[in-house]
Amino acid sequence: MAHQIEIIGGIDGVPAFVKQVKRFAKEEPNTAQYHRDFIEVWRLAQTWLDADVALLATDQLVLEVGIALASWGAGQKAAPCVGGSPDIAAALNAARPKLLRLRAGDPKLVADNDGLLCLLHLIAGAMVGNTNVTYPTKLAMLLTGQYVGLDNKVRVTLGRQLRWEGFAKTQYLLPAVGADSADATRVRELEAAIRAFWHTYGTAVQAELVHQKVPNSDVLAQCPGRLLDMVLFRGGQSLQVVQQLG
């Protein structure tokens with residue numbers, strides 16, 4: 001059974017959705033810092049990914065990735081620690097081809113040798129002792145804007161508020177590449193749901209970001225995963241998950 005992420009009220013609900021984004025980005029001090037971290041890393045990552053040749057990750061990108069991950073909770077409580085600069089650089093460089101495919105919204109990424117989970121395992125190398133989905137998905141989001149960071153708040157919103165069964169668990173281990181478990185299926189299916197969401201709402205959301213003068217709307221207009229992450233982090237009040245048969 002496939003899942004779709006919808007805005008409550010359809011296109012008419014887009015202003016309420018974008019209002020949640022604006023609150024995250026500007027009006028709440030704690031989340032506003034998360035927004036600034038994202039913008040800094042994303043801009044640097046696009047310069048790296050846009051290069052005509054497979055350039056190695058720059059020192060500045062590696063530095064900012066480490067700072068952002070630490071700011072977002074890495075190394076705190078039971079969270080894995082950020083690796084050293086060589087670890088981060090090696091993870092990014094190994095993942096670059098798949099990051100490009102994720103950024104482009106390649107619908108074959110998941111089917112092609114389980115490319116999404118392969119990507120998440122590659123960038124997990126930026127962390128020390130990583131076992132969960134949280135930080136690999138956060139890093140995929142920081143670098144491309146096309147996925148959500150599956151931390152506890154986002155998973156609880158998906159699982160409890162929006163009733164996408166299976167997300168709201170205390171520990172969500174990163175599934176193995178090629179796994180056929182329900183946890184693996186959910187991670188893959190979420191990527192398709194984000195692409196479908198943007199196909200339906202992207203144009204309207206982009207216009208509303210400008211209309212509401214959301215900070216860095218030029219960046220967010222290219223980042224459906226990040227937009228959803230911001231709203232899910234705040235409880236997902238403007239969203240619903242619809243299950244489709246077949």
Side-chain angles (χ1 to χ4, degrees), residues 34 36-72 74 80-151 174-179 184 187-192 194-195 198 216 218-229:
Y34 296 152
R36 289 190 290 271
D37 293 338
F38 172 78
I39 297 299
E40 181 69 25
V41 173
W42 187 89
R43 289 191 188 279
L44 289 168
Q46 302 328 291
T47 300
W48 169 57
L49 292 171
D50 284 340
D52 292 334
V53 294
L55 296 178
L56 297 180
T58 65
D59 291 344
Q60 187 63 30
L61 173 58
V62 169
L63 174 64
E64 294 298 337
V65 163
I67 291 172
L69 290 173
S71 174
W72 289 16
C81 296
V82 181
S85 293
D87 301 313
I88 298 172
L92 298 189
N93 292 328
R96 186 176 185 272
K98 288 182 171 56
L99 287 167
L100 285 167
R101 294 180 68 183
L102 177 62
R103 186 180 70 161
D106 183 354
K108 296 182 180 179
L109 174 62
V110 168
D112 186 5
N113 296 316
D114 206 7
L116 177 62
L117 280 172
C118 184
L119 165 60
L120 295 177
H121 276 272
L122 287 170
I123 57 179
M127 312 298 297
V128 177
N130 183 83
T131 56
N132 286 8
V133 297
T134 300
Y135 285 93
T137 54
K138 284 186 176 186
L139 187 46
M141 180 179 67
L142 278 165
L143 296 169
T144 70
Q146 303 302 309
Y147 203 73
V148 301
L150 288 172
D151 63 12
L174 180 61
V177 176
V187 170
R188 300 180 189 111
E189 190 180 347
L190 180 56
E191 189 272 335
I194 294 168
R195 282 190 286 107
W198 201 235
N216 308 110
D218 59 322
V219 170
L220 295 176
Q222 303 173 64
C223 299
R226 178 55 176 164
L227 289 168
L228 285 168
D229 182 86

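As the structure is a prediction and not an experimental result, all values here were calculated from the model.
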Could you walk me through whether Thr137 and Val148 pass the side-chain contact (heavy atoms from CB on, under 4.5 Å) test, one step at a time?
CA-CA 6 Å; Thr137 54; Val148 301; over 6 Å; no

Write down the atom of [X], the atom of [Y], and the distance for their closest heavy-atom approach.
X      : Y      : answer
Gln146 : Ile194 : O-CG2, 3.7 Å
Ala176 : His121 : CA-NE2, 3.8 Å
Ala179 : Arg188 : O-NH2, 2.5 Å
Arg96  : Leu49  : NH2-O, 3.2 Å
Pro175 : Val133 : CD-CG1, 4.0 Å
Asn130 : Pro80  : OD1-CG, 3.6 Å

Would the number of heavy atoms belonging to other residues, nucleotides or ligands and lying under 6.0 Å from CG of Asp50 be above 12?
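Buried by this count: over 12 neighbours within 6.0 Å.
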
Nearest 0.5 angstrom please: [X] [atom1] to [Y] [atom2], how far?
X      : Y      : atom1 : atom2 : answer
Leu69  : Thr134 : CG    : OG1   : 11.5 Å
Leu142 : Tyr135 : CG    : OH    : 11.0 Å
Met141 : Leu228 : CE    : CG    : 11.0 Å
Leu139 : Ile123 : CG    : CD1   : 4.5 Å
Leu122 : Leu99  : CG    : CG    : 8.5 Å
Leu116 : Arg101 : CG    : CZ    : 10.5 Å

Between [X] (side chain only) and [Y] (backbone N and O only), is there a donor and an acceptor less than 3.5 Å apart?
X      : Y      : result
Asn93  : Ala57  : yes
Asp112 : Leu109 : no
Glu64  : Gln60  : no
Asp106 : Lys108 : yes

Would a 4.5 Å heavy-atom cut-off, applied to side chains only, mark [X] and [Y] as touching?
X      : Y      : answer
Leu174 : Pro136 : yes
Leu92  : Trp48  : yes
Val62  : Thr58  : no

Ionic contact status for Asp229 with Lys138, cut-off 4.0 Å:
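Judged by the 4.0 Å cut-off on N to carboxylate O distance, Lys138 and Asp229 do not form a salt bridge.
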
Which residue, Leu63, Leu61, Ile67, forms the side chain to side chain contact (heavy atoms under 4.5 Å, CB included) with Val41?
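With Val41 as partner, Leu63, Leu61, Ile67 yield a single side chain to side chain contact (heavy atoms under 4.5 Å, CB included), made by Leu61.
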
In terms of side-chain heavy atoms, does Asp37 have a donor or acceptor partner in Ser71 at a distance below 3.5 Å?
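Yes.
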
Going by distance alone, is a donor N or O of one side chain under 3.5 Å from an acceptor N or O of the other, for Gln222 and Arg103?
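Note: Gln222 and Arg103 side chains miss the donor-acceptor criterion.
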
Using the side-chain contact (heavy atoms from CB on, under 4.5 Å) rule, take Leu143 and Leu102 through it: C-alpha gap first, then chi angles, then the decisive distance, then the call.
CA-CA 10 Å; Leu143 296 169; Leu102 177 62; over 6 Å; no

Walk me through it: do Leu120 and Val187 pass the test side-chain contact (heavy atoms from CB on, under 4.5 Å)?
CA-CA 10 Å; Leu120 295 177; Val187 170; 3.9 Å; yes

What do the steps show when you test Asn216 against Arg36 for side-chain contact (heavy atoms from CB on, under 4.5 Å), and what is the final call?
CA-CA 9 Å; Asn216 308 110; Arg36 289 190 290 271; over 6 Å; no

